[in-house]
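Below is one structure, written out as structure tokens; comments come after it.
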Amino acid sequence: MFFCGEDGTITIQDQAPTDVDPRLGKQLGGYIAVARVADGAMGRVFEGRHPETKARVAIKVLHAEVLRDRIAVERFKREYESALELNHPHVVKVLEFGDTPEGSHFLTMEYLEGEELAKALGRGVVLPPARIVRVLCRPRSRSSTRIRSVSSIAT
């Protein structure tokens, strides 16, 4: 949690002086980026909090090098547009799409608890074949980024 224990204000994750991300603490759309969560091929994911309700979201911001690829940027926009039209338990709910002050794009979506599939597999978690098929057959927007928990993989 990123809240002050005395007055409930939102706090920001500490950063190493050698690895500062200027987006931490900034408002992206309706949410404040409070912590780094993960880095992927297309962008960085932050935990975001609504300044009034403290609602928790994930904010995906495109990497600068991805911005130079017009097709990748269009794919990112289509990811938002497509997910916005879907209402299914295996499709992450998207909330907002916008531009950062630096000229990048961001996508705000529901925050999913759990461990990244690659990390679980890296720890040696063995998935039963039936579970592998279920994970691979899920829509990409949820199964490729996070899973609810390692225990849900093994069942």
Side-chain angles (χ1 to χ4, degrees), residues 1-3 10-13 21 23-123 125-155:
M1 289 285 226
F2 290 94
F3 300 107
I10 295 172
T11 60
I12 308 304
Q13 180 183 49
D21 189 317
R23 296 169 293 200
L24 272 177
K26 302 289 189 237
Q27 188 154 343
L28 300 174
Y31 300 87
I32 298 169
V34 298
R36 292 182 199 188
V37 175
D39 280 301
M42 289 192 68
R44 175 168 283 172
V45 178
F46 296 92
E47 176 183 341
R49 293 290 181 155
H50 190 275
E52 295 172 18
T53 67
K54 312 290 191 282
R56 187 181 196 191
V57 297
I59 306 170
K60 186 191 309 186
V61 181
L62 286 180
H63 290 308
E65 59 272 12
V66 174
L67 289 173
R68 294 188 284 274
D69 182 346
R70 186 179 52 81
I71 293 171
V73 172
E74 286 302 316
R75 187 180 313 127
F76 188 67
K77 289 178 182 177
R78 278 195 313 272
E79 175 184 346
Y80 168 73
E81 293 164 354
S82 298
L84 193 60
E85 294 182 19
L86 299 174
N87 183 14
H88 190 277
H90 292 142
V91 178
V92 67
K93 288 178 181 59
V94 296
L95 306 169
E96 189 175 15
F97 183 90
D99 300 319
T100 69
E102 302 82 30
S104 186
H105 303 290
F106 70 88
L107 172 63
T108 304
M109 62 196 102
E110 71 178 307
Y111 191 96
L112 299 178
E113 290 287 345
E115 181 177 24
E116 292 179 26
L117 181 58
K119 286 183 182 177
L121 295 174
R123 288 188 305 100
V125 172
V126 177
L127 300 179
R131 181 67 178 147
I132 292 170
V133 170
R134 284 196 309 269
V135 169
L136 293 176
C137 290
R138 285 183 180 171
R140 182 169 164 70
S141 59
R142 181 169 278 193
S143 64
S144 66
T145 53
R146 295 185 108 33
I147 51 175
R148 290 194 183 266
S149 70
V150 174
S151 64
S152 70
I153 296 173
T155 58

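Along the sequence shown, residues are numbered consecutively beginning with 1.
Among all heavy-atom pairs drawn from Ser104 and Val61, the shortest one is OG-CG1, 3.7 Å. Val34 approaches Leu24 most closely through the heavy-atom pair C-CD2, 3.4 Å. Heavy atoms only, all atoms of each residue included: Val45 and Ala58 are closest at CG1-CB, 4.1 Å. Ala83 and Val94 make their closest contact through CB-CG1, 3.6 Å (heavy atoms, listed as atom of the first residue, atom of the second, distance).
For the side-chain hydrogen bond (donor to acceptor under 3.5 Å, both in side chains) condition, no pair includes a residue of residues 64-77, sequence neighbours left out. Within the structure, side-chain hydrogen bond (donor to acceptor under 3.5 Å, both in side chains) pairs that include any residue of residues 30-42 comprise Gln15-Arg36, Asp19-Arg36, Asp39-Arg44 (at least two apart or interchain).
Considering only heavy atoms from C-beta on, Pro51 comes within 4.5 Å of Gln27 through its side chain. With contacts defined as side-chain heavy-atom distances shorter than 4.5 Å, the pair Leu95/Glu110 does not qualify.
Of the possible donor and acceptor atoms, none in the side chain of Glu79 sits under 3.5 Å from a partner among the backbone N and O of Glu81. Glu96 places a side-chain N or O within 3.5 Å of a backbone atom of Gly30 that can act as its donor or acceptor partner.
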Q | side chain to side chain contact (heavy atoms under 4.5 Å, CB included) assessment of Leu28 paired with Thr108 | A | CA-CA 9 Å; Leu28 300 174; Thr108 304; 6.0 Å; no
Q: Before giving the answer on side chain to side chain contact (heavy atoms under 4.5 Å, CB included), spell out for Phe76 and Val66 the whole-Å C-alpha distance, their side-chain angles and the decisive distance to 0.1 Å.
A: CA-CA 10 Å; Phe76 188 67; Val66 174; over 6 Å; no
**Q.** side chain to side chain contact (heavy atoms under 4.5 Å, CB included) between Phe97 and Leu84, intermediate numbers included
**A.** CA-CA 10 Å; Phe97 183 90; Leu84 193 60; over 6 Å; no
Q: Let me see the working for Arg49 and Arg56 under side chain to side chain contact (heavy atoms under 4.5 Å, CB included), right down to the final yes or no.
A: CA-CA 5 Å; Arg49 293 290 181 155; Arg56 187 181 196 191; 3.7 Å; yes
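For the 3.5 Å distance criterion, the side chains of Thr100 and Glu102 qualify, holding a donor opposite an acceptor.
Looking at Asp21, Val57, Val37 one by one, the single match for side chain to side chain contact (heavy atoms under 4.5 Å, CB included) with Phe46 turns out to be Asp21.
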